[in-house]
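When reading the values below, keep in mind they use all heavy atoms of this one structure, side chains included, and skip hydrogens, waters and symmetry mates. One-based numbering, in listed order, for ligands and for the atoms of each. Note that the coordinates shown come from a computational prediction; the quantities given were computed from them, not determined experimentally.
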Amino acid sequence: MNVGILTGGGDCPGLNAVIRAVVRRGQQLDLRFIGIRDGWKGLLNLAFVPLTKDSISGLLPRGGTILGTSRTNPFKTEEDAERLVSNIKKLRLDCIVAIGGDDTLGVATKLYERGVNTVGVPKTIDNDLSATDFTFGFDTAVSIVTEALDRLHTTTEAHHRVMVVEVMGRHAGWIATYGGLAGGADMILIPEEPFDVDEVCSVVKKREDRGKNFSIIVAAEGAYPKEAGGMITKDKELDAFGHARLGGVGEFLAEEVEKRTGFETRFVVLGHLQRGGTPTAYDRILATRYGVRAAELVHEGKFGRMVALHGNRIVDVSLKEATGETKTVDKEIYKLASVFFG
Ligand code: F6P
């Protein structure tokens, strides 16, 4: 069987570990592989590279993706969609293994509905993909946020300031909640719960009343004040999948908190630091388990499926179920984090 592998959407620590695992297990099952460059774009442009045991050697700890990635939506026009299907035939691919988040796997779902064999692997640092408990890359992002909060704590305390830390998370505040919990944030703001600026300020004041003259506030980039009625965006332009570029909540909040509490306030945007570099041990193992099972699904002819983590078991679910809706933050864990607000 000839199998094409691609990585699409924002990159994520562990992508290379998945590629390595799919190829290593796949070769044991007599599958042959090519790597498609830059996500769906490479299939539209017939840009690919061979994937052999040698070319995947040394990949386990490497961040980024050796295949490159892009946010290309081949279903934007019917012409592109047809070109995609005909290129898959031209390359004599029997199956595509797509490693991606909601957008990339949404394309894999549509392709499957058009008769192309696809298997998905759930990737996103945001952990907002349905039908799986965790996506690989999330643990690494949380570790990076935790380390940043530890460092910011010491300088914030020394200067008696308020620090607003903006982290990734468009529609779901998983990174903010887990990172904030692990890093001891005094307040965590997530897109699922629009916030009140005065309430945030009262947390800072309450802390001052009990002798704490510094505070750390973690805000997901998609968190927004009730009064604004919507997310704060960088510009009005949308990407190929219709997403706006978010960012600015940290700066907005820092200004307001300083104005309303009198505390000198700074903000830090952790941005792409959360996606760069080597994956944690947990993510290497999860990525490897996903990759091995994805190769087996191809071998077993179980197409239109995505590998997933349920509890501590690797299972497979339908791609359609996985890409239906955003997985927002578990209310229980946010409630737990809020025990430590103020
Ligand atoms: O892939 C998800 C994500 O990490 C979001 O949290 C964030 O909004 C976005 O990617 C940023 O992507 P880009 O690399 O296009 O700036």
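In Gln274, neither the side chain nor the backbone holds a heavy atom less than 4.0 Å from any atom of ligand 1.
Defined by atom type and a distance below 3.5 Å, a donor-acceptor pair is missing between the side-chain atoms of Arg284 and Asn16.
Residues Val23 and Lys53 have side chains not in contact (no heavy-atom distance under 4.5 Å, counting atoms from C-beta outward).
In the candidate list Met168, Lys123, Glu221, Glu221 is nearest to atom 8 (O) of ligand 1, counting heavy atoms. Comparing Val167, Asp126, Ile175, Thr124 against atom 6 (O) of ligand 1, the shortest heavy-atom distance belongs to Asp126.
Taking the six-membered ring wherever Trp is involved, the centroid distance between the rings of Tyr178 and Phe138 falls below 6.0 Å.
Gly169 counts as a contact of ligand 1, since one of its heavy atoms falls under 4.0 Å from the ligand.
Residue-ligand proximity, His272 to ligand 1, at heavy-atom distances under 4.0 Å covers atoms 13 (P), 14 (O), 16 (O). For ligand 1, the atoms lying closer than 4.0 Å to a non-hydrogen atom of Arg71 are 1 (O), 9 (C), 10 (O), 11 (C), 12 (O), 13 (P), 14 (O), 15 (O).
Salt-bridge check for Arg260 with Glu255: failed, with every basic side-chain N at 4.0 Å or more from each acidic carboxylate O.
No donor-acceptor pair under 3.5 Å is formed between the side chain of Arg71 and the backbone N or O of Gly8.
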